[in-house]
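The structure under discussion appears below in the form of C-alpha cells.
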Protein chains: 2
Amino acid sequence: MDNFLKTVGSINDETRLRILRFINENGEVCVCDIESSFDMIQSRISRHLKILKDGGFLRVDRRGVWAYYSIRFPLDAFRQSILKEISFLDVDIPTLKKGCSKGCSI
Amino acid sequence: MDNFLKTVGSINDETRLRILRFINENGEVCVCDIESSFDMIQSRISRHLKILKDGGFLRVDRRGVWAYYSIRFPLDAFRQSILKEISFLDVDIPTLKKGCSKGCSI
DNA sequence: TAAATATATCAATATATCTTGATGTATTAT
DNA sequence: ATAATACATCAAGATATATTGATATATTTA
C-alpha cells in the first residue's frame, strides 16, 4: 500500500511527468542537462528526480561528479503501462540542452 | 495532462484506494452502506466518491434518495490496470454493512 | 592545497489537499 | 404541509507537498 502510494504520488505532479517523459525520450541524461533543458533551479530538479527514483521509475548512475538518470530496467508491467500513458500526454517537453560547463556527456 | 493528473490524483489517497477496492469487490453500493462499512462521516465519503468519479473510475446511478456507485463500464485499459494493481494491495477492506434506515438495497 | 563544479539536502515559505461540522437540496413518509 | 432521510457542498482548520535560497558533500582542476 505505502509502496503503491509512493509510486502513484511520484507521478502526481506536472513537473515530474515532464521530467520522466524527457528521460524516457532522451535516454540517459545528467542532472545539469535536465536543469538547463527545463530552465529550473538545481535543487528543484534534484528533489523531483529523487521522488521519481523512490517511486521506482528511475535509476541513477554516478560517474565522477555527474549523476546520470535513466529509466529503470527492468520495469514492471504496471510502471510500463504508466510510462506508456505518459508518452501520449499533450504536454510541452523541452529539447535536450547541454548544461555542464565541462561536458558531462563527453 | 490535466485529465491524467486528475486520474492519478484520485488514486493518490489511502481512503480512496480502500473505497475503490470496496466497490470493486462488492459491486454496486449506496453511499450509506459505504459510510457505515467504513465508519466514516458522510461528507468525507461523499467527497472521496466525487473525486473517484471525476477521476473516471466510478459511475453513479440515482434512484430515489439513494445514490448507487459502481465501477464505470466500460473502463479503459489504463484504469483497468490500475484497478488490477489495487486489487493486489495488502490493505484492510471492511465487509459490507447495511447503513440505511429504510434499506436502500430492497 | 585551494578553487570550481555537480549534486544533494535542509529550512522557510507558499500552495494544495484532507477532515470535520454546518448547511443546503431532494425525495419519501406521515 | 411537515418531518425525516440520503446525499452534496461549503468554510475553517489541519496536514501534506512544492518551491526557493542557503548550505553541505564529493569530485575534479589549477
Side-chain angles (χ1 to χ4, degrees), chain A residues 1-2 5-20 23 28-55 58-70 97-106, chain B residues 1-2 5-20 23 28-55 58-70 97-106:
Chain A
M1 160 67 94
D2 291 350
L5 281 173
K6 193 182 274 188
T7 300
V8 167
S10 74
I11 52 165
N12 189 31
D13 179 274
E14 175 165 352
T15 301
R16 284 195 292 274
L17 288 178
R18 295 175 66 222
I19 292 175
L20 186 52
I23 295 174
E28 190 178 60
V29 287
C30 80
V31 179
C32 56
D33 286 348
I34 303 177
E35 190 186 336
S36 58
S37 298
F38 281 83
D39 194 27
M40 289 179 185
I41 63 176
Q42 182 265 325
S43 67
R44 185 177 171 188
I45 297 291
S46 186
R47 180 179 195 272
H48 286 307
L49 287 170
K50 179 177 168 39
I51 292 172
L52 284 168
K53 181 166 73 71
D54 292 347
L58 298 181
R59 69 180 227 100
V60 209
D61 188 21
R62 302 193 131 278
R63 283 179 241 143
V65 249
W66 297 293
Y68 296 87
Y69 282 83
S70 55
K97 210 181 293 179
K98 295 275 109 197
C100 307
S101 57
K102 307 281 173 54
C104 59
S105 51
I106 296 177
Chain B
M1 159 67 94
D2 291 350
L5 281 172
K6 194 183 273 186
T7 300
V8 166
S10 74
I11 52 166
N12 189 30
D13 179 275
E14 175 165 351
T15 301
R16 285 197 290 274
L17 289 179
R18 295 174 66 223
I19 291 175
L20 186 52
I23 295 175
E28 190 178 59
V29 287
C30 80
V31 178
C32 57
D33 286 347
I34 303 177
E35 191 187 335
S36 59
S37 297
F38 280 84
D39 194 28
M40 290 178 183
I41 64 176
Q42 182 266 324
S43 66
R44 184 176 172 189
I45 297 290
S46 186
R47 179 179 196 274
H48 286 306
L49 287 171
K50 179 177 169 39
I51 293 171
L52 285 167
K53 181 166 74 70
D54 292 347
L58 298 182
R59 71 179 225 100
V60 210
D61 188 20
R62 302 193 129 280
R63 283 178 242 144
V65 251
W66 297 294
Y68 295 86
Y69 282 83
S70 54
K97 211 180 292 179
K98 295 274 109 196
C100 307
S101 57
K102 305 286 172 53
C104 60
S105 52
I106 295 178

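All chains are named by letter (A, B, ...) in the order of the sequence lines, taking the proteins before the strands, and each is independently numbered beginning at 1.
Contact record, B:Gly55 with B:Ser10: CA-OG, 3.8 Å, taken as the closest heavy-atom pair. Residues A:Met1 and B:Leu17 share a closest heavy-atom pair of SD-CD1, 3.6 Å. Residue A:Asp13 comes nearest to B:Leu5 through the heavy atom pair N-CD2, 3.5 Å, listed as atom of the first residue, atom of the second, then distance. When all heavy atoms of A:Arg44 and A:Thr15 are compared, the pair lying nearest together is NH2-OG1, 3.3 Å. For B:His48 against B:Ile19, the heavy-atom pair with the smallest separation is CB-CD1, 3.9 Å.
Distance CG (B:Asp33) to P (D:dT5): 16 Å, rounded to an integer number of Å. Whole-Å rounding puts the A:Lys98 NZ to C:dA6 P distance at 12 Å. If you take CZ of B:Arg62 and P of D:dA6, they are 13 Å apart, rounded to a whole angstrom. Taking atom CG of residue A:Asp61 and atom C1' of nucleotide C:dT7, one finds them 14 Å apart after rounding to whole Å. Atom pair A:Arg63:CZ and C:dT7:P shows a separation of 12 Å (rounding to whole Å applied). If you measure from atom CE of B:Met40 to atom C1' of C:dG21, you get 17 Å, rounded to the nearest angstrom.
For B:Gln42 and D:dA8, a side-chain-to-base donor-acceptor distance below 3.5 Å is present, hydrogens and geometry of angles not being considered.
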>> Pair B:Ile51, B:Arg47 - check side chain to side chain contact (heavy atoms under 4.5 Å, CB included), show working.
In response: CA-CA 6 Å; B:Ile51 293 171; B:Arg47 179 179 196 274; 3.4 Å; yes
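Scanning residues 44-54 of chain A for heavy-atom distances under 4.0 Å to DNA chain D yields A:Arg44, A:Arg47, A:His48, A:Ile51. If you check residues 7-14 of chain A against DNA chain D, the residues with a heavy atom closer than 4.0 Å are A:Asp13, listed by number.
Comparing C:dT7, D:dA6, C:dT5 by their closest approach to the side chain of B:Trp66 singles out D:dA6. Minimum atom distance to the side chain of A:Ser43 is reached by D:dT20, of the listed D:dT20, C:dA8, C:dA6. Picking from D:dA6, C:dT7, C:dA6 the nucleotide with the shortest atom distance to the side chain of A:Cys100 gives C:dA6.
Between A:Asp33 and A:Lys97 no salt bridge is recorded (no basic side-chain N to carboxylate O distance below 4.0 Å). Using a cut-off of 4.0 Å between Lys/Arg side-chain N and Asp/Glu carboxylate O, B:Lys6 and B:Asp2 are scored as not salt-bridged.
Mapping A:Ile41 and B:Ala67 onto DNA chain D via the closest heavy atom, the residue that lands nearer the 5' end is B:Ala67.
Each of A:Ile45, A:Leu20, A:Asp61, A:Val60 was compared with A:Tyr69 under the side-chain contact (heavy atoms from CB on, under 4.5 Å) criterion, and only A:Val60 meets it.
Contact annotation: B:Tyr69 side-chain N/O to D:dA8 OP1/OP2 distance is under 4.0 Å.
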